[in-house]
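First the structure, in the form of structure tokens, and then the observations on it.
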Amino acid sequence: MNPELLSTLTVPLPPGRLITSDEGDGGGQALWLSDGPVSAELWVRIRDEHRRTGMWPLLLDWRDPEDSDFRPWGAGELFPDQMSSPDNHDPADLLEKWWATYTAIDDDDDMLSPDKRLAITAPFGQSWPGLAPGCEGTAEPGRLASEYAEHFVLSRPQSRLGLVAAPSGAAALTLAGRDGPANWDNDTAVFSAVVSDWEQRFGARVIAVGADTLHLSVATPPMSGEDALLVAAEHFAFCPDNIWEGPRPQTLAAYAERLIGTHCWEFWWDRPRLVGKRSPESREAIFKGLHLLRSAVLVNTLPGSAGRSI
């Protein structure tokens, strides 16, 4: 990242530093990182200047609250040069390919029988249903993003600010060199390609990123059960752990119900090679927390939403 871009901001930045990537000769600086927690107001003000400055703000969470290095961000565990370009990947093809992989029946699977495995993705089973239609709505993506950022900071007050020179939040994931879903694919560009498509179809915006999590605001979520099932299928293809290791019942249909009218999407990829396989109890606790965040955010903010948690 060109350090001169920071001077184009009219918003005063807190103390921070440019982070040098571990890869190559150590000359690449993937992002700017604040030295401490920041307010949601700062995120909003910088996001509002994005069109002029080209700097996309990310609220950054980290792997271990006891880690003074703020890994992976502060330690430079970022690999932008290893990533391809999101423009090289077709989102529909990626999702269909991932769906086929994660719904395949493995005869050596000792966790679930074939029937139980197919029941998870009912009513589609192994058949890819295709992309969900974009949802119409009057909500302004920027306003929804600002409100979700405020709620995220209240929930995760230790979050720091990362700045990436990127045309969008989806592109920032790749340009920062984040490898969060490394157990699933080492090229973050494929995930950026899908998120970029969601930016167009659903008014999604990248708000926050953790070592193995991704948090999006969504301006126009599915409002019917039929559309929600199709979106749920995309989420399963994109991040199967959202269902496999999410709140019970761990089925596509139950997950789809939770998506209806929900203006924030959270994704979590298990990282057994890095942190050890989480117990079912700990996975349940993590997703229960995400669900509480989802349920609490943006109450009564849209026309016709009075009395409903959106």
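Heads up: numbering here begins at 1 and tracks the sequence.
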Q) Does CZ belonging to Arg52 count more than 12 external heavy atoms closer than 6.0 Å? A) yes
Q. So which heavy atom on Ser192 is nearest to which on Ala170, and how close?
A. OG-O, 2.7 Å
Q) Hey, is Arg201 close enough to Asp197 for a salt bridge, meaning N to O under 4.0 Å? A) yes
Q) Is there a side-chain contact between Pro141 and Leu144 (heavy atoms, below 4.5 Å)? A) no
Q.
Using a 3.5 Å distance criterion without hydrogens, assess whether the side chain of Asp179 forms a donor-acceptor pair with backbone atoms of Leu78.
A. no
Q | Asp90 side-chain N/O to Asp93 backbone N/O, donor-acceptor pair under 3.5 Å | A | yes
Q.
Regarding Asp187 and Ser84, do their side chains bring together a donor and an acceptor under 3.5 Å, going by distance alone?
A. yes
(Q) I'd like to know whether the aromatic ring centres of Trp184 and Phe238 sit less than 6.0 Å apart in this structure. (A) no
Q: Taking all heavy atoms of Val164 and all of Ala176, pick out the closest pair and write down the distance.
A: CG2-CB, 3.9 Å
Q) Is the ring centre of Phe236 less than 6.0 Å from the ring centre of Trp98? A) no
Q. Can you name the closest pair of heavy atoms from Leu173 and Val209 and give their distance?
A. CD2-CG2, 3.6 Å
Q. Quick check: are there more than 12 heavy atoms from other residues, nucleotides or ligands sitting under 6.0 Å from CD of Gln126?
A. yes
Q) Do the side-chain N and O atoms of Trp198 and Glu234 include a donor-acceptor pair separated by under 3.5 angstrom? A) yes
Q | Heavy-atom closest contact (Pro80 atom, Ser21 atom, distance) | A | CD-OG, 3.8 Å
Q | Smallest separation among heavy atoms of Gln250 and Ile243, with atom names | A | CB-O, 3.2 Å
**Q.** SB check Glu77 Arg71 (cutoff 4.0 Å)
**A.** yes
Q.
Can you tell me how the ring of Trp128 sits relative to the ring of Trp99, calling it parallel under 30°, perpendicular over 60° and tilted otherwise?
A. tilted
Q.
Can you confirm whether the side chains of Ser217 and His263 place a donor and an acceptor under 3.5 Å from each other?
A. no
Q | Distance-minimising heavy-atom pair for Ile19 and Trp73 | A | CG2-O, 3.2 Å
**Q.** Side-chain donor-acceptor contact under 3.5 Å, Arg47 with Ser146
**A.** yes
**Q.** Donor-acceptor under 3.5 Å (Ser113 side chain, Lys116 main chain)
**A.** yes
Q) So, Arg156 side chain and His151 main chain: donor-acceptor pair closer than 3.5 Å or not? A) no
Q) Which of these passes side chain to side chain contact (heavy atoms under 4.5 Å, CB included) with Leu161: Leu42, Leu31, Leu60? A) Leu42
Q) Below 4.0 angstrom, N of the basic side chain to O of the carboxylate: do Arg45 and Glu49 qualify? A) no
(Q) Quick check against the 3.5 Å criterion: does Gln29 have a side-chain atom that pairs as donor or acceptor with the backbone of Thr20? (A) no
Q. Counting only N and O atoms by type, is there a donor-acceptor contact under 3.5 Å from the side chain of Trp43 to the main-chain atoms of Pro57?
A. yes
